[in-house]
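All residue numbers in this chain count up from 1 along the given sequence. Note: hydrogens, waters and symmetry copies are ignored here, and every other heavy atom, side chains too, is used.
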Amino acid sequence: MFEIPDIDVHLATHINLKDLNSDVDISVLAEVILEKCSIIPDHLRHELEQVLFYLQKRTNSVNRKSTSSISSLLNENGLTCSIKADIDQIENYIELFYENVADKNRGVLCILELTKTISNLQYLIENETLIGALARVFREDWRKNFDLGTNIIKIFVELSSYNQFQATLSHHRIGALCLNAIEYELRRGDIWADSIRNGDEKTAKKCRLAIRKQHILLAACINLLINLAHDVSVELKMVRRDIVPMLLKCLDYRDSRELILVTVQFLLKLSIFEENKAIMLMRDILSGGGSEVTKAVLLNACIERRNAQLVCGPDGQGLCNGHHLVSWMGEQLKSILNGREPLQLQLVIMCGSMARQLEAARNLIPLLDVFLQLLHCE
């Protein structure tokens, strides 16, 4: 009920590998499997060999001490307490990616812990097997487990923070994976929202929990795309993949502060391509029925001069025409005189940024009396 099926289960094929000892030639075995299993396309040969290699390695090390050393990182209930990861154990962490979902998440958490040490990042990004395995696990399992998917994306976010690593992530099509995930989750979110409205209380409760986890995943994906969009050519590809409509839809999820924040940041960055659509919606949210959290996030973004001037428009008319932003700002500023101060500081800073533009400053003249009153307010 909570997933949109996109794979025909009848296409599944089970392959029994009776003996996968160290003498088996993986490349020859992969060739045999490709010949006998027509549903595996040739271009996935490298991934097939990768899976076979780790199956072979796991089979040969089942009773070795290295396997038990990983278990020592976990408590007896299978829950992670404080993760202490060792860069020398990375091969063992990768082996966990071929176990059940809980084990996969444990391995991912260890890798995520390693990314917190800057000196590890170069080693991690150069491990092509690791990056490929993370991409595979995300592609296969994010729909079934949000925590696992989110933790993998957080690893990519850490790596993508450095421009020199972004080419490797692009090679593994991490950005495309994120776009696919966002598109899918937005469709699935619509189904869950409908279930909340029309289903029973038990179903609604499950859907609300799933949506909260979904919003965390979406925020992580958007964070990653923001980093990858440092390259203008990559940014343009995202726009062609209709990232802007997806982001605009994310603004509907106004209960998630983190999601709103990264969405607004990305929309403002993309305004060079889709300025009118994104900026007009932000004006509507500020002057309309947006939540206090949403408005606060937008105002924080508008503290930056460029963003403030985008909202007010090239001729300052964004403050007045149809959006009534000046009237709304006046009402918010006057509320400080009545002892309420929810958004005033951000608002004053934003007005200062907007006033650097002559036409915008003229439109802000009606607020002068309010500013004078604020100066005399203790």
Side-chain angles (χ1 to χ4, degrees), residues 26 44-47 49-54 56-58 61 66-67 69-70 72-74 80 82-99 103-142 147-181 217 219-235 237-238 262 265-266 269:
I26 293 300
L44 292 181
R45 181 192 184 101
H46 176 71
E47 288 193 19
E49 290 182 358
Q50 183 184 110
V51 171
L52 291 173
F53 172 76
Y54 277 100
Q56 182 187 53
K57 187 171 182 180
R58 186 186 65 180
S61 62
S66 60
T67 303
S69 68
I70 297 179
S72 66
L73 297 175
L74 314 165
T80 53
S82 56
I83 300 294
K84 294 183 180 179
D86 182 353
I87 194 70
D88 294 328
Q89 295 293 322
I90 193 165
E91 297 298 323
N92 293 328
Y93 303 151
I94 296 175
E95 284 188 24
L96 289 174
F97 296 170
Y98 299 89
E99 303 293 343
D103 287 333
K104 289 176 183 177
N105 201 31
R106 292 167 191 167
V108 168
L109 284 171
C110 289
I111 302 297
L112 181 58
E113 183 67 21
L114 291 174
T115 64
K116 296 176 183 178
T117 302
I118 296 177
S119 58
N120 290 336
L121 296 180
Q122 185 74 42
Y123 179 80
L124 294 174
I125 197 68
E126 289 177 354
N127 191 322
E128 187 173 342
T129 301
L130 170 65
I131 303 301
L134 287 169
R136 175 187 62 79
V137 173
F138 180 80
R139 184 168 52 248
E140 293 175 356
D141 293 317
W142 110 74
D147 293 333
L148 175 59
T150 301
N151 288 331
I152 292 174
I153 294 299
K154 286 180 179 178
I155 292 172
F156 291 141
V157 170
E158 292 293 333
L159 294 171
S160 67
S161 299
Y162 297 86
N163 297 340
Q164 64 267 36
F165 299 153
Q166 293 176 4
T168 301
L169 298 177
S170 296
H171 173 73
H172 288 273
R173 300 182 57 80
I174 305 303
L177 272 177
C178 272
L179 285 169
N180 291 341
L217 173 64
C221 286
I222 294 171
N223 234 333
L224 173 57
L225 293 178
I226 290 174
N227 289 345
L228 295 178
H230 174 80
D231 185 333
V232 177
S233 64
V234 174
E235 186 177 27
K237 289 179 182 178
M238 294 180 189
V262 295
Q265 288 175 339
F266 203 9
K269 187 179 191 308

For [X] against [Y], the heavy-atom pair lying closest together:
X	Y	result
A220	V157	O-CG2, 3.7 Å
L228	M238	CB-CE, 3.9 Å
A133	I94	CB-CG2, 4.4 Å
Q166	N227	NE2-O, 3.0 Å
K104	E99	CE-O, 3.2 Å
A85	C110	CB-O, 3.3 Å

Quick check: do D231 and E235 have side-chain heavy atoms less than 4.5 Å from each other? no
Please round to the nearest 0.5 Å and tell me the distance separating atom [atom1] of [X] and atom [atom2] of [Y].
X	Y	atom1	atom2	result
L177	I174	CG	CD1	5.5 Å
S160	N223	OG	CG	8.0 Å
E140	L148	CD	CG	10.5 Å
L130	E91	CG	CD	8.5 Å
L96	I111	CG	CD1	9.0 Å
L121	Q164	CG	CD	9.0 Å

Salt bridge (charged side-chain N to carboxylate O under 4.0 Å, His left out) against E113, all qualifying residues, sequence neighbours excluded: K116
Can you name the residues that form a salt bridge (charged side-chain N to carboxylate O under 4.0 Å, His left out) with R173, not counting sequence neighbours?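 Partners of R173 by the salt bridge (charged side-chain N to carboxylate O under 4.0 Å, His left out) criterion come out as none, since no residue qualifies.
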Evaluate I153 against W142 for side-chain contact (heavy atoms from CB on, under 4.5 Å), listing each step before the verdict. CA-CA 10 Å; I153 294 299; W142 110 74; over 6 Å; no
Would you check, one step at a time, whether the test side-chain contact (heavy atoms from CB on, under 4.5 Å) holds for L225 with V234? CA-CA 9 Å; L225 293 178; V234 174; over 6 Å; no
Please check: side-chain N/O of N151 versus main-chain N/O of L109, any donor-acceptor pairing under 3.5 Å? no
Keeping the roles fixed (side chain from Y93, backbone from I87), state whether a donor-acceptor pair exists under 3.5 Å.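 The answer is no, because no donor-acceptor pair under 3.5 Å joins these two groups.
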For the pair F165 and Y162, name the ring-plane relationship: parallel under 30°, tilted 30 to 60°, perpendicular over 60°. tilted
Going through the distances and angles, do L169 and I125 end up as a side-chain contact (heavy atoms from CB on, under 4.5 Å)? CA-CA 8 Å; L169 298 177; I125 197 68; 4.1 Å; yes
Indicate whether the side chain of N105 and that of D147 have a donor and an acceptor atom separated by less than 3.5 Å.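 No.
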Going through the checks in order, is the side-chain contact (heavy atoms from CB on, under 4.5 Å) test met by T117 and N120? CA-CA 6 Å; T117 302; N120 290 336; 3.4 Å; yes
Is the charged tip of R136 near the ring of Y98: under 6.0 Å from the six-membered ring centre and within 45° of its axis? yes
